[in-house]
Amino acid sequence: MTGKIDRAALEDLSKNFDGEIMLPDHPAYDEARQVYNKMIDRRPAIIAQCAGTEDVVSAVRFGLDLGLEIAVRSGGHSVAGWGVTDGGLMIDLRPMNAVEVDPEARIAHVAGGATCGDVARACEPYKLVTTGGTASTTGVAGFTLGGGWGYLSRKFGLACDNLLSVELVTSDGGIVVASEEEHPELFWALHGGGGNFGVATNFTFRLHPLPAATMALLIFPPEEGPKVVRRVRDLFEAGAPDELNVEVVYLTAPPEEFVPSHLVNRLSLLVNAFYAGSESEARKALAPLFELGPGGEMIAEMSYADIQSAFDSQAGFRYYGSAELLPALPDEAVERFCDRALDMIVPSASAQTISSWGGAIARQAGDWPMANRDAAWLVYPFGQWTDASDDERGIAWVKALGSDMAPYAADGTYINLITDEGRKRTIASYGGEAKYQRLAAVKARYDPDNIFSLNHNIQPG
Ligand SMILES: Cc1cc2nc3c(=O)[nH]c(=O)nc-3n(C[C@H](O)[C@H](O)[C@H](O)COP(=O)(O)OP(=O)(O)OC[C@H]3O[C@@H](n4cnc5c(N)ncnc54)[C@H](O)[C@@H]3O)c2cc1C
């Protein structure tokens, strides 16, 4: 035995395993066990870096046989660090990052360990897109299974809305493909139900043509926050086009060319606008915001993949975050949002954001586990800092913003951006008790012993 690892079982696993198996003495083990959130410091008994679906099958069976806790890691971006376990088996899908684009059929086959950037870059030569996250480094798997919101969601829906099929390794080590035709109830559950039902090894996504995309950045001093947020709200309430996504972000302004020197490294307010179209169309849609006279501005047509990676932060931060979905944004909520930004740690890589929701997200409502689609606004504090002594203050700021927004927020929230915030919140985020029970029934069929439990967990019903 090597700790909990039985030598014979290990030899058995190694025989037909194409990827890399790592025990704690492996030279790459310490690098491999890292996830995005540097508050997380867990040591798996074994890491199975899988090269393909058959490796995942072998790894799941190995974990089952030895009774190990199983963590499934793709992009490693979850706040809670659910991609890594202490003392158990970490199934790492990062080597499985192939993306195959069929431009004629307008579909992409995406392996389970790919990042949102892998997909955007593979589609770029064809001027095709599907909804990805606002950072290129987020894993497609965790992102999509939890809903998948990004700059393109108002136009093309959430990532899960663009799913055509998912190949999954289930808790008995079997392989299933879920789509509208096969395992339809499982397919339904994969629209927001997270990693509860198995290890997703391949996704097929619908693609859309996007001939042009524009990024516009407008920077303001922080005291202009309420005026800017209200103007953004009014713009969307008056009926902004689906092509437009706007995030209003309090952050520490970076030393970029468009940022005036007096705001660099200071708390500032950034309007980060994305337009699924040309610069001239974007300028027209954003005219009411340019009229406010920002301290600095830039606007440019860029590829979707370049826009998506524009804010990629360096890894290496301690990370805590949460989210609220708001049906409306009354003046009082705007004031409270802006006041709370003053509690952010500056300078740091933290951000406090209000983003437009709605558009195609709401229109593709259906009866999915990805609920709260009729919200108008997503509010999310994204706390990042380097010093452990800032943990308490940073977490307190995130929680305080949640309390500030609670009177205006929907019951459930968007699970991708939160850690475990309790069973009540999880159930509300899956759309309430009835939908949770339906998910629990799917869980009972595909993972009756809850071996995939490191997630916003659904208890087998
Ligand atoms: C910098 C950053 C930017 C972000 N931007 C956005 C954004 O724009 N929009 C948005 O919606 N969210 C965003 N998020 C949140 C992100 O979508 C979620 O944290 C998501 O769960 C991350 O997926 P992952 O694969 O990267 O993470 P992981 O930590 O690897 O996985 C997250 C969860 O999914 C499970 N999982 C991972 N891979 C698989 C798989 N192959 N099969 C089954 N289950 C699996 C894990 O077990 C875990 O429970 C961001 C997070 C960060 C840190």
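One-based numbering, in listed order, for ligands and for the atoms of each. Just so it is clear, the structure is predicted and the values come from calculations on it, not from any experiment.
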Validation row, ring centre [X] to ring centre [Y] under 6.0 Å:
X	Y	answer
Y414	W357	yes
Y36	F317	no
F203	F205	yes

I'd like the contact residues of ligand 1, where contact means a heavy atom below 4.0 Å.
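Shell around ligand 1 (4.0 Å, heavy atoms): Y36, V72, R73, S74, G75, G76, H77, S78, W82, L93, G112, G133, T134, A135, T138, G139, A141, G142, F143, L145, W149, G195, G198, V199, A200, Y319, F382, Y414, N416, L417, L454, N455.
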
Considering residues at least two apart in sequence or located in another chain, which fulfil the side chain to side chain donor-acceptor pair (under 3.5 Å) criterion with D172?
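With neighbours one apart ignored, the set is T170.
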
Not counting sequence neighbours, list each pair that qualifies as a side-chain hydrogen bond (donor to acceptor under 3.5 Å, both in side chains) and has a residue in residues 66-76.
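Passing the test, one end in residues 66-76: E69-T85.
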
Partners of E20 by salt bridge (charged side-chain N to carboxylate O under 4.0 Å, His left out), sequence neighbours excluded?
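For E20, no residue satisfies salt bridge (charged side-chain N to carboxylate O under 4.0 Å, His left out) once neighbours in sequence are set aside.
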
